[in-house]
**Student:** 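Take a look at this one; I'll ask things after.
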Number of protein chains: 2
Amino acid sequence: MALGVGEHMLDSSRADILEAAAHCFMERGYSATSIDDVARRLGATKGRIYHHYSSKSDLFADVFRFGMEMNYKAIEPLRHSREKAVERWRKMAFVHVVQMITKRQFQRVVWEGVEMHLRGATTPEQRTVFADLIGSRARYSDVFRDLLAEARDDGDMAFGNLGITNQLVFITLNSPIFWYSPRAGETEGYIREIARQIVSFAMHGLGMKEGNP
Amino acid sequence: MALGVGEHMLDSSRADILEAAAHCFMERGYSATSIDDVARRLGATKGRIYHHYSSKSDLFADVFRFGMEMNYKAIEPLRHSREKAVERWRKMAFVHVVQMITKRQFQRVVWEGVEMHLRGATTPEQRTVFADLIGSRARYSDVFRDLLAEARDDGDMAFGNLGITNQLVFITLNSPIFWYSPRAGETEGYIREIARQIVSFAMHGLGMKEGNP
DNA sequence: TTGACAACATACCCGGTAGTATGTTCATCA
DNA sequence: TGATGAACATACTACCGGGTATGTTGTCAA
C-alpha cells in the first residue's frame with residue numbers, strides 16, 4: 001500500500017490529497033483556496049486533510065516539495081551527460097518545459113511559493129519550512145544558470161548579464177503554466193512541438209550560433 | 001483640485017487610495033489584502049475607501065484600469081510612427097518594459113487581474129466589470145502582436161506560431177514585475193540599461209536580423 | 001474476541017474581514 | 001448664518017474559514 005517516492009514514503013491517500021490541493025491552489029491561488037475546497041474536490045471533509053497535515057501552509061509546502069521532486073527527477077538523467085553545455089542545456093530546458101505543461105498544477109504552486117517568499121508573505125514559522133524549499137528551487141535554477149555560463153565560455157552562446165538573462169530564460173520556459181490550456185485530445189507530439197518552439201525562442205534569445213536540427 | 005486623467009477626473013484623494021491599494025495588492029495579492037491593510041497604509045480607516053469605492057473588487061478594478069491607462073499613454077506617441085514595424089515594435093517594447101519597472105505596483109495588479117479572469121475566479125457581477133478591462137488589456141496585447149506579424153511579413157523577424165510567440169515575448173517583457181527589486185539610488189540610466197537587455201533578448205528570440213545599434 | 005490504533009467524519013469555536021449604519025467635521029453657498 | 005452635503009471616522013454585524021475536539025468505523029495483531 002505504500003509507494004516509494006524519493007526519500008520519504010507517500011501512501012496513495014496522501015497522493016490524492018496532493019493532487020486535489022495542487023488543482024485548487026492552481027485555480028484559485030493559496031489564500032483564496034480553503035481547506036474545505038480541497039476536501040470537496042476529494043469528496044471528503046476537512047478531517048481527512050488535517051489527519052495528514054497540521055496546517056494549510058504545511059499542505060501547501062508539501063505540494064511545493066512534490067513539484068520540485070518531479071523537476072529534479074525529470075532532468076536528473078541529463079545533468080551529467082558528456083555533451084557540450086549548450087546541448088545539455090537545450091535538452092534539460094526541453095524536459096523542463098514539458099514538465100511545466102504536463103504537471104501544471106504542481107508547477108503553479110511552486111511558482112506561487114517562490115512569490116510568497118519573495119514578497120515576505122510568510123510567518124516566521126513558515127519561513128523555516130519554506131527555506132528548504134526555496135533553497136531547493138534556487139539550486140535547481142542554478143543548475144541551468146551554470147550551464148549558461150559554461151556555454152557562453154564555450155562560445156556557443158552570447159548574452160549580457162548572466163543573472164538577468166537567467167531570469168528571462170527561466171520565465172520564458174515557465175510561461176506555459178500561465179497561458180497553456182489543455183486541449184481535448186492533445187497528443188504528446190502536440191505538447192512536444194510547443195515545447196520545441198519555446199526552447200527555440202529561448203535559445204535564440206541566448207544568442208546561440210546554430211538553429212534547431 | 002481636480003486633475004484630468006484620461007477621460008474621467010481623478011481627484012488627489014482617489015489617487016492616493018489607488019497608490020496605496022496598488023502597493024498592498026502587489027505585496028500580498030488580492031485576496032490576502034484586506035481593506036484595512038490599504039487604509040492602514042493610508043493612515044486612514046475603511047470609511048475613506050468605502051466612500052470612494054463600493055467594494056473591494058471595485059477598488060481592484062480601478063487600480064487595474066489606471067494601470068492600463070498608463071500603458072496606453074506610454075506607447076501612444078509611438079504607435080503611428082512611420083518607421084518600419086520592427087522598429088516601432090522595438091521602441092514600444094522598450095517603453096513597455098520601463099513601465100513594468102517604474103510602475104510595478106500597478107502592473108502587478110494588471111497581471112493578477114488577467115490571472116483572476118483566466119482562472120474564472122470572479123463572481124458573475126465582477127465579470128461584467130472585468131470584461132472591459134480584460135478587453136482593454138487584450139487590445140493592448142494585440143497592438144504588439146500585429147506589429148510582430150507585420151515585421152515578419154517585412155522579413156525583419158522569423159518565428160513560429162504567432163500566438164505562442166507573442167505570449168513568450170509578452171511574458172519576457174513583463175517579467176521585471178516579478179524579479180526586479182528597486183535598488184537604493186537607482187538611476188534612470190540603470191533602469192534603461194536593464195530594459196535594453198530585456199528587449200535585446202526578446203528581439204533575438206524573435207529571430208531579428210540586426211543587432212542593437 | 002477484543003482492544004488498540006489508523007483513518008477518517010462531525011460538530012464546534014473563534015478570529016479576521018467585507019460590508020453597513022451612523023456619527024462628526026468642515027467647507028461652500030444661498 | 002445656517003443649512004446642506006462631501007469627506008471622512010467610529011462602531012457594529014454577519015459570515016467565512018482555519019483550526020480543534022470529539023465521535024465513528026474498519027482493520028489487524030495478540
**Student:** Closest-nucleotide mapping onto DNA chain D: is B/Arg48 or A/Ser31 further toward the 5' terminus? I mean the 5' end.
**Tutor:**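 It is B/Arg48, whose closest nucleotide lies nearer the 5' terminus.
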
**Student:** Relative to each other, are the rings of A/His96 and A/Tyr140 parallel, tilted or perpendicular (30° and 60° limits)?
**Tutor:**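 Rings of A/His96 and A/Tyr140: tilted, as their planes differ by 30° to 60°.
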
**Student:** Ignoring backbone atoms, test whether B/His51 places a side-chain nitrogen or oxygen under 4.0 Å from the OP1 or OP2 oxygen of D/dC8.
**Tutor:**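 Answer is no, no contact under 4.0 Å.
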
**Student:** Has the side chain of A/Lys46 got a donor or acceptor that lies under 3.5 Å from a partner of the other kind on the base of C/dA9?
**Tutor:** no

**Student:** NA contact type, B/Ser34, heavy-atom cut-off 4.0 Å: base, sugar-phosphate, or nothing?
**Tutor:**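 Since only primed, P, OP1 and OP2 atoms lie under 4.0 Å of B/Ser34, the category is sugar-phosphate.
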
**Student:** We want to know whether A/Tyr30 and A/Glu115 form a side-chain donor-acceptor pair, criterion being a heavy-atom distance below 3.5 angstrom.
**Tutor:**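 No.
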
**Student:** Looking only at side chains, do B/Asp16 and B/Ser13 share a donor and an acceptor under 3.5 Å apart?
**Tutor:**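 The criterion, which ignores hydrogens and geometry beyond distance, is not satisfied for B/Ser13 and B/Asp16.
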
**Student:** Can you see if the side chain of A/Ser13 gets near the phosphate of C/dA7 - specifically, an N or O under 4.0 Å from OP1 or OP2?
**Tutor:**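 No, A/Ser13 has no side-chain N/O under 4.0 Å of OP1/OP2 on C/dA7.
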
**Student:** Rounding to an integer number of Å, can you tell me how far A/Ile49 CD1 sits from D/dT20 P?
**Tutor:** 14 Å

**Student:** Name the nucleic acid region contacted by B/Thr33, choosing base, sugar-phosphate or nothing; use a 4.0 angstrom heavy-atom cut-off, strictly under.
**Tutor:** sugar-phosphate

**Student:** Picking from D/dG18, C/dC8, C/dA18, which would you name as closest to the side chain of B/Lys56?
**Tutor:** C/dA18

**Student:** Identify the heavy atoms of A/Ala32 and A/Asp37 that sit nearest to each other, and give their distance.
**Tutor:** O-OD2, 3.9 Å

**Student:** Could you give the CZ-to-P distance, from A/Arg40 to D/dC16, as a whole number of Å?
**Tutor:** 11 Å

**Student:** Looking only at the side chain of A/Thr45 (C-beta and beyond, no hydrogens), which of the listed nucleotides C/dA9, C/dG19, D/dA9 gets closest?
**Tutor:**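 Per side-chain heavy atoms of A/Thr45, the pick is C/dA9.
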
**Student:** Whole angstroms only, please: what is the CG-P distance between B/Asp58 and C/dT20?
**Tutor:** 12 Å

**Student:** Provide, to the nearest angstrom, the distance between the CG atom belonging to A/Asp36 and the C1' atom belonging to D/dC15.
**Tutor:**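 Computing the A/Asp36:CG to D/dC15:C1' distance gives 13 Å.
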
**Student:** Answer yes or no for A/Arg14 and A/Tyr53: cation-pi contact, defined as NZ/CZ to six-membered ring centre under 6.0 Å and angle to ring axis within 45°.
**Tutor:** yes

**Student:** Rounded off to whole Å, could you give me the CZ-to-C1' distance for the B/Arg28 and C/dT17 pair?
**Tutor:** 13 Å

**Student:** Counting only side-chain heavy atoms from C-beta out, which of C/dC8, D/dC8, D/dT20 sits nearest to A/Tyr50?
**Tutor:** D/dT20

**Student:** Rounded to the nearest Å, what distance is computed from the CG atom of residue B/Asp37 to the P atom of nucleotide C/dT17?
**Tutor:**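 My rounded result for the distance is 7 Å.
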
**Student:** Let me know, please, whether A/Gly47 or A/Ile35 comes out on the 5' side of the other along DNA chain D by nearest nucleotide.
**Tutor:**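 Whichever sits nearer the 5' end wins; that is A/Ile35.
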
